[in-house]
Q: 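To start, I am sharing the structure in question, which I have written as structure tokens.
So that the names make sense, note that chain A is the first sequence line, chain B the second, and so on, each numbered from 1.
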Amino acid sequence: MSLKVATWNINSVRLRAGLVGRFLQDHAPDVLCLQETKCPDDSFPLAAFRKLGYDHIAVHGQKGYHGVAIVSRLPFEARDARRFCDKDDARHIAVTLTKDAGAAAGITLHNFYVPAGGDIPDPALNVKFAHKLQFLDEMIEWGQRDRPAAGRSILVGDLNVAPLEHDVWSHRQLLDVVSHTPVETTKLGVVQESASWVDAMRALRPEPEKLFTWWSYRAQDWEKSDRGRRLDHVWLSRELEGSLASMDIVRGARSWERPSDHVPVTVTLAL
DNA sequence: ATGGTTGTCATACAA
């Protein structure tokens, strides 16, 4: 069987439930991980996704900010959502596919929304940047202590860091811009190494090809200027590396009506 | 060097 996993920062799931439905119909992922749902759990648009065959939905939201969810047509068991930085922010949710999920049974998915970090890349001047660095430090501790990639597992999400030179439109011009500063890109590399995660997108489309998943709302013409960044990621545990079959950045979604500033990324495994 | 947009919630704040 194949397992198609998608990740998408939706920037309000209620406002864009229609776009999510379109994506589910057009791209038919088995599991979709959403970030920035900005939606309390009791107002998540469950019915819109269930009627498309996505009966299994895990939500971890809050009013107005952050929020993550997993929408699946395969059955799963919910795992504990982790707390980071002594805050109750909804920035992580995890599930394990159950035995009814066929060859995908037992795969654990971790869905993350890492803090954006504000504008000033100095933790002494900007508490939001300090929070982002602390969050990455705690992801490193988690990787080292809990070995989340010891078996068959997948980590996806909006990690709000574009780690490689060709993950941004201009490496030189973004070196002091939050999301591509050396302190962040180095830390994200340590997060990845802490549990031996494999970067699925770059395994299939290595540098120097430029890969972007986010384009600012502020550009006059996002497509023409193409000043993007790769903020969204799909990582695989070593056990799944050999099953990696294909990857797609759904760039066209950035032109849908009232789009998110992020586009979906899909990764397909042949199991 | 500056401002450019969007979503939420209530008029600033986060991204």
Q: Expressed in whole Å, how much space separates the P atoms belonging to B/dC13 and B/dC9?
A: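 Comparing P positions in B/dC13 and B/dC9 gives a spacing of 16 Å.
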Q: Tell me, yes or no, whether the heavy-atom count around A/Asp86 atom CG, taken from other residues, nucleotides or ligands under 6.0 Å, exceeds 12.
A: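 Result for CG/A/Asp86: open.
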Q: Taking it one step at a time, do A/Asp226 and A/Arg251 satisfy salt bridge (charged side-chain N to carboxylate O under 4.0 Å, His left out)?
A: CA-CA 11 Å; A/Asp226 198 21; A/Arg251 187 181 164 101; 3.3 Å; yes
Q: Can you check the A/Asn9 CG to B/dT6 P distance for me, whole Å?
A: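 My rounded result for the distance is 16 Å.
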Q: Do we get A/Arg227 above A/Trp222's six-membered ring, with its NZ or CZ under 6.0 Å from the centre and within 45° of the axis?
A: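 So A/Arg227 doesn't make the cation-pi contact.
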Q: When you measure from the side-chain N and O atoms of A/Arg218 to the phosphate of B/dA15, is any distance below 4.0 Å, counting only OP1 and OP2?
A: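 Checking B/dA15 against A/Arg218, no side-chain N or O comes under 4.0 Å of OP1 or OP2.
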Q: Nearest whole angstrom, please: distance from the C1' of B/dG3 to the OH of A/Tyr217.
A: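 Rounded to the whole Å, the gap is 18 Å.
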Q: So if I take every side-chain heavy atom of A/Leu15 and compare against B/dT8, B/dA15, B/dT5, which nucleotide ends up nearest?
A: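 Ranking B/dT8, B/dA15, B/dT5 by closest atom to the A/Leu15 side chain puts B/dT8 first.
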Q: Would you tell me if any nitrogen or oxygen in the side chain of A/Ser12 comes within less than 4.0 Å of OP1 or OP2 on B/dT8?
A: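 Result: yes.
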Q: Could you check whether A/Arg16 gets within reach of a base, just the sugar-phosphate, or nothing at all, counting any heavy atom under 4.0 Å?
A: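 Since only primed, P, OP1 and OP2 atoms lie under 4.0 Å of A/Arg16, the category is sugar-phosphate.
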Q: Base, sugar-phosphate or nothing for A/His66? Non-hydrogen atoms, less than 4.0 Å.
A: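 Sugar-phosphate, no base atom in range.
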Q: In whole angstrom, give me the gap between the C1' atoms of B/dA14 and B/dA1.
A: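 About 23 Å, rounded to a whole number of Å.
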Q: Can you tell me, in whole Å, how much space there is between the P of B/dG3 and that of B/dG7?
A: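 Those two atoms are separated by 22 Å.
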Q: Distances under 3.5 Å between protein N/O atoms and the N/O atoms of nucleotides 9-13 of chain B, please, pair by pair.
A:
unit_1, atom_1, unit_2, atom_2, d
B/dC9, OP1, A/Gly64, N, 3.4

Q: Could you tell me the separation between the NE2 atom of A/His262 and the P atom of B/dA15, rounded to a whole number of Å?
A: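 Spelled out: NE2 on A/His262 to P on B/dA15 is 11 Å.
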Q: Find the distance A/Glu257:CD to B/dT6:C1' and express it as a whole number of Å.
A: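 Rounded to the whole Å, the gap is 15 Å.
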Q: Map A/Ala219 and A/Asn160 onto DNA chain B by nearest heavy atom, then report which one ends up closer to the 5' terminus.
A: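 Checking each residue's closest nucleotide, the 5'-ward one belongs to A/Ala219.
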Q: Do the two ring centres, one from A/Trp142 and one from A/Phe112, sit under 6.0 Å apart?
A: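 Between A/Phe112 and A/Trp142, which both carry aromatic rings, the centre distance is below 6.0 Å.
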Q: When the distance from CG of A/Asp119 to C1' of B/dG3 is rounded to whole Å, what number comes out?
A: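 After rounding, the gap between these two atoms is 12 Å.
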Q: Let me know the distance between CD of A/Gln220 and C1' of B/dT6, rounded to the nearest Å.
A: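 To the nearest whole Å, that distance equals 16 Å.
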Q: Within the 4.0 Å heavy-atom criterion, would you say A/Glu36 contacts the bases, only the backbone, or no part of the nucleic acid?
A: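 The residue A/Glu36 makes sugar-phosphate contact but no base contact.
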Q: Provide, to the nearest angstrom, the distance between the CD atom belonging to A/Glu223 and the P atom belonging to B/dT5.
A: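 Answer to the nearest Å: 19 Å.
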Q: Could you tell me how far apart A/Ile10 (CD1) and B/dA15 (C1') are, to the nearest whole angstrom?
A: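 In whole Å, B/dA15 C1' and A/Ile10 CD1 are 15 Å from each other.
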Q: Are any of the side-chain heavy atoms of A/Thr37 and A/Tyr65 separated by less than 4.5 Å?
A: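 Of all side-chain heavy-atom pairs linking A/Tyr65 with A/Thr37, none is under 4.5 Å.
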Q: Taking CD in A/Glu257 as the centre, count heavy atoms belonging to other residues, nucleotides or ligands within less than 6.0 Å. Is the count above 12?
A: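 Counting other residues, nucleotides and ligands, CD of A/Glu257 stays at 12 neighbours or fewer.
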Q: For A/Arg229 and A/Ser179, does a side-chain donor sit closer than 3.5 Å to a side-chain acceptor?
A: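 A pair is found: one side chain offers a donor N or O, the other an acceptor, under 3.5 Å apart.
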Q: Between the side chains of A/Gln35 and A/Asn111, does any donor sit under 3.5 Å from an acceptor?
A: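 Yes - a donor-acceptor pair under 3.5 Å links their side chains.
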